[in-house]
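Chain identifiers are assigned alphabetically (A, B, ...) following the order of the sequence lines, protein sequences preceding nucleic acid strands; residue numbering begins at 1 within each chain.
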Amino acid sequence: MQKLVVIGAGMASGRLLEQLFEANPDAYEVTLFNAEPRGNYNRIMLSPVLSGEKSYAEIVTHDDDWYAGNKVTCRFGERVVSVDRERKVVVGEKGEVPYDKLVFGTGSSAFIIPCPGHDLPGVVAFRDLEDTTAMTEASGTPGGRAVVIGGGLLGLEAAAALRMRGMDVTVLHLSGHLMERQLDEAAGYLLQKDLEKRGITVLTKASTKMIQGDGKVESVLLEDGTVLPADIVVMAVGIRPQVQLAKESGLEMGRAIVVDAQMRTSDPSVFAVGECVEFEGNLFGLVAPLYDQAKVLAKTLLDEEDTFKVKQLSTKLKVTGCDLFSAGDFAEGEGREDIVFRDPARGVYKRLVLEGDKLVGAVFYGDTADSNWFFGLIRDGEDVSDMRDTLIFGPSFQGGATADPLSAVAALPPEAEICGCNGVCKGDIVAAIEGGATDLAAIKATTKASASCGTCTGLVEQVLSVTLGDEFVIPTVQPICGCCDLTHEDVRRLIKSKELKSQPAVWQELGWKTVNGCHVCRPAVNFYLLADWPLDYQDDPQSRFVNERNHANIQKDGTYSVMPRMWGGMTDANELRAIADAADKYGAAVKVTGGQRIDLLGVKKEDLPAIWSDLNDAGMVSGHAYSKGLRTVKTCVGSDWCRFGTQDSTGLGIKLEKRLWGSWTPHKVKLAVSGCPRNCAEATCKDVGIICVDSGYQIGVGGAAGMDVKEVERLVDVRTEEEAIDYTVAFIQLYREHAKYLDRPYKWLAKVGLDWVKEQVGDPATRAALIERFDISQSVYQKDPWADHVATRRRLYAPIADLTLEAAE
Amino acid sequence: MSWIDIGHIDDIPARGARVLKTQLGCIGLFRTGDDRVFAVTNTCPHKGGPLSEGIVHGNKVTCPLHNSVFDLETGAGTDGYAIETYPVRVEDGRVLIDGDTLSRRSAA
């Protein structure tokens with residue numbers, strides 16, 4: 001009988017032994033080494049053991065009797081020190097074992113982030129029974145807190161199980177959405193929402209800086225300074241093949257032990273199976289291919305023909321209530337087409353990726369009932385051209401309904417607020433409709449919904465349509481773009497009433513028809529989110545037009561213009577000297593602008609951080625001359641110098657600019673303050689223009705001097721400077737909260753009416769609330785983007801590489 | 001093909017781009033939302049806009065100057081324009097571009 005030594009008693013080698021003994025129980029005399037002090041158990045089922053749904057005994061695959069029955073010599077709890085391939089012996093801690101054939105089944109180990117504190121007691125992986133036991137013990141403490149690092153399959157299963165045990169669980173994930181290798185953004189968003197519903201906190205883009213504690217884990221510190229108290233930290237960021245022993249034995253290695261299609265290594269007597277294997281450049285982590293390898297290796301060891309092939313894989317998450325499925329390749333690509341179906345009411349997202357006549361990938365969330373059928377189509381490469389139009393509805397579908405553009409409104413609960421001005425909920429409107437109000441005018445009259453600013457008109461009409469069916473025909477409206485069926489106003493209201501706080505949330509809940517929007521809707525949605533949720537939403541530079549991303553104005557030759565802020569149009573010799581130096585150093589043309597500032601034109605992109613840094617050193621910050629935000633506050637010299645000046649117009653201009661700078665608005669906003677009605681600062685054609693008079697300040701709004709020329713309309717007259725600032729801030733916040741992206745204030749005013757705006761900012765409580773919300777937003781956004789980019793994003797301004805230099809060498 | 005390592009995929013922002021300087025002029029390296037990387041001419045054939053500064057959506061980019069939209073995989077654009085594409089791949093997180101194509105096209 002030949003001697004077979006197997007190193008590692010995991011799922012792959014376990015399956016190998018089963019296949020081997022079944023085919024020929026007398027072919028080999030087997031010795032099995034395992035570093036863990038036990039035999040083979042079903043590691044996939046550690047999640048249910050952790051959650052308490054199963055016990056360890058239930059997941060044992062091979063017990064003592066099984067090993068005895070198959071005459072396996074078990075060397076459990078004993079490490080293999082080395083392998084001597086010349087003498088064909090395996091050297092264990094307790095002595096040598098000779099072999100004719102040797103199998104590596106050393107598997108993989110958890111990758112531990114080498115941050116400070118990673119070796120503290122209380123930091124565990126989620127790989128074996130020891131880890132599971134440690135977690136179970138930690139969950140015994142009442143009010144215990146767990147931090148799971150890694151939002152992949154394993155991390156999320158651990159998080160859900162610990163939550164089931166009553167722990168307070170936070171998942172940290174480095175990427176922007178959960179399970180990014182298996183799911184796209186939209187499905188990742190739905191998964192996060194489901195996990196949050198069951199009380200798990202999910203932090204994406206969260207980078208761990210260190211684990212803190214005195215003698216044991218006490219907290220986790222993130223790069224952004226957040227501290228999360230923790231009794232246990234689970235590292236589930238990935239696995240790496242455990243191949244040190246194989247490497248020391250001198251076998252051919254890639255990222256793991258290189259094998260051929262018969263699972264043979266570079267040594268014909270040595271084989272490998274499982275997660276420690278590399279085959280045709282692939283590594284393996286899911287169980288299906290491991291079992292295939294085991295089957296092939298059993299045949300090889302019995303001198304039978306068989307060949308291992310890499311197959312399509314599918315993934316499902318073993319967390320009760322989270323239905324997700326992904327299979328195949330769902331990247332976009334040439335000749336590929338997406339079919340996307342979203343049902344916001346049921347929280348369902350389905351995406352199919354077709355290449356030619358074949359289905360090559362699928363991602364489902366919320367409804368995975370037909371996933372096996374779809375997986376079959378992918379695996380078998382079936383021609384799906386005949387059923388293409390209805391493919392996404394699954395195998396049982398024959399004709400029928402298509403996605404309903406009204407589903408987002410149909411899904412709203414009765415308490416969802418439709419009209420923000422008058423506090424009217426969907427339920428009120430439905431009740432009014434049932435009471436006989438069957439058109440928009442009747443709804444306005446009975447409920448006041450859409451009777452004030454009118455931006456919710458589209459939504460009210462949709463509620464009418466959903467409630468009355470065919471009896472109500474919605475007037476045609478202009479959607480934002482081809483990605484969705486909703487208008488800007490509808491999207492704004494739904495972002496608030498459904499509390500949508502991320503772009504994937506908007507795309508999913510409002511039925512976007514594209515994967516991640518387009519250049520028209522992305523900047524708009526990004527603005528709406530940051531304006532409505534300044535503390536929750538993080539601005540996305542990739543959803544901004546080039547000027548706002550690079551904080552400078554792109555010119556027709558691809559160079560940029562740079563314009564520092566000059567508060568109220570005032571400057572001094574130092575600033576002028578720094579500007580002159582910068583113009584020389586970076587070869588910039590110099591232009592005096594209409595907004596009382598100085599523009600440096602023709603600066604190269606790679607020079608931007610340097611010129612900003614120079615201007616910062618002279619005390620200057622970005623003038624936001626490129627932004628949909630506050631531009632300038634133009635002033636005259638006022639009572640300081642002018643013999644006609646009635647008030648300190650320069651001083652008020654500077655105060656307004658210092659209060660408002662850095663804020664993002666639907667379109668650009670320009671202000672001016674003139675010290676007397678002679679109006680040298682041209683305040684009457686600005687978005688907000690203030691004229692100082694003896695009795696105080698006249699505030700005009702909605703002026704313009706662009707494609708349209710408009711004179712301001714009087715918002716209010718006030719006596720004190722403080723009131724002038726309050727009204728201005730409140731007006732701008734109201735505009736930020738309600739206007740359609742790319743509507744200047746005058747366009748917005750034409751839609752909502754000046755009277756409504758006067759009512760809002762005229763009411764002291766409303767005005768105070770608007771000011772408070774503005775200040776909250778400024779606490780996030782009033783910072784100099786130039787200094788910030790110099791400090792954190794400088795490298796992005798340079799080319800990624802310069803091959804012209806290499807060629808010259 | 002001779003693959004040249006030009007950087008890590010994380011050097012390119014997701015749904016964003018970086019510029020690569022070559023003998024052929026600037027090439028835009030794009031990373032889509034699903035982490036695919038494409039290399040295309042950085043210059044829009046319409047009025048020379050730097051495509052790497054455009055908004056990336058799906059596997060397309062919109063020129064920042066006048067909103068022409070290009071498919072990053074095929075180079076096909078709206079309004080009948082088209083841009084050159086270059087072989088590029090990602091291996092272990094490293095972005096590799098084919099040097100042979102670059103030198104062949106610069107010789108031609």
Side chain, backbone, both or neither: which part of B:P64 has a non-hydrogen atom closer than 4.5 Å to chain A? both
Could you look at A:D540 and say if it's the side chain, the backbone, both or neither that has a heavy atom under 4.5 Å from chain B? side chain
Looking at A:I554, A:T514, A:N550, which has the largest count of heavy-atom pairs under 4.5 Å with chain B? A:N550
With a 4.5 angstrom heavy-atom cut-off, could you sort out which part of B:D10 is near chain A: side chain, backbone, both or neither? backbone
Compute the centroid of each ring, for A:Y349 and then for A:Y365, and state whether the two points are separated by less than 6.0 Å. no
Any side-chain to backbone donor/acceptor pair from A:R522 onto A:Q503? Under 3.5 Å, distance only. no
So, the part of B:D35 with a heavy atom under 4.5 Å from chain A: the answer is neither
Which atoms of A:K605 come close to chain B, meaning under 4.5 Å heavy atom to heavy atom: side chain ones, backbone ones, both, or neither? side chain
Is it the case that the side chain of A:D184 and the backbone of A:A187 share a donor-acceptor pair, with hydrogens and angles ignored and the cut-off at 3.5 Å? yes
Report yes or no: does A:E278 contribute a side-chain atom to a donor-acceptor pair with the main-chain N or O of A:R255 at less than 3.5 Å? yes
Determine whether the side chains of B:T62 and B:N67 contain a donor N or O and an acceptor N or O closer than 3.5 Å. no
Whatever's closer than 4.5 Å to a heavy atom in chain A on B:I6 counts as both
Hits for side-chain contact (heavy atoms from CB on, under 4.5 Å) against A:L742, two or more places apart or cross-chain, chain-then-number order -> A:K628, A:H667
In terms of heavy-atom proximity below 4.5 Å to chain A, should B:V69 be classed as side chain, backbone, both, or neither? side chain
For A:P541, is it the side chain, the backbone, both or neither that has a heavy atom under 4.5 Å from a heavy atom of chain B? neither
Please name all residues satisfying salt bridge (charged side-chain N to carboxylate O under 4.0 Å, His left out) with B:D100, sequence neighbours left out, ordered by chain then number. none
Would you mind checking which part of B:L20 comes under 4.5 Å of any heavy atom in chain A, side chain (CB onward), backbone (N, CA, C, O), both or neither? both
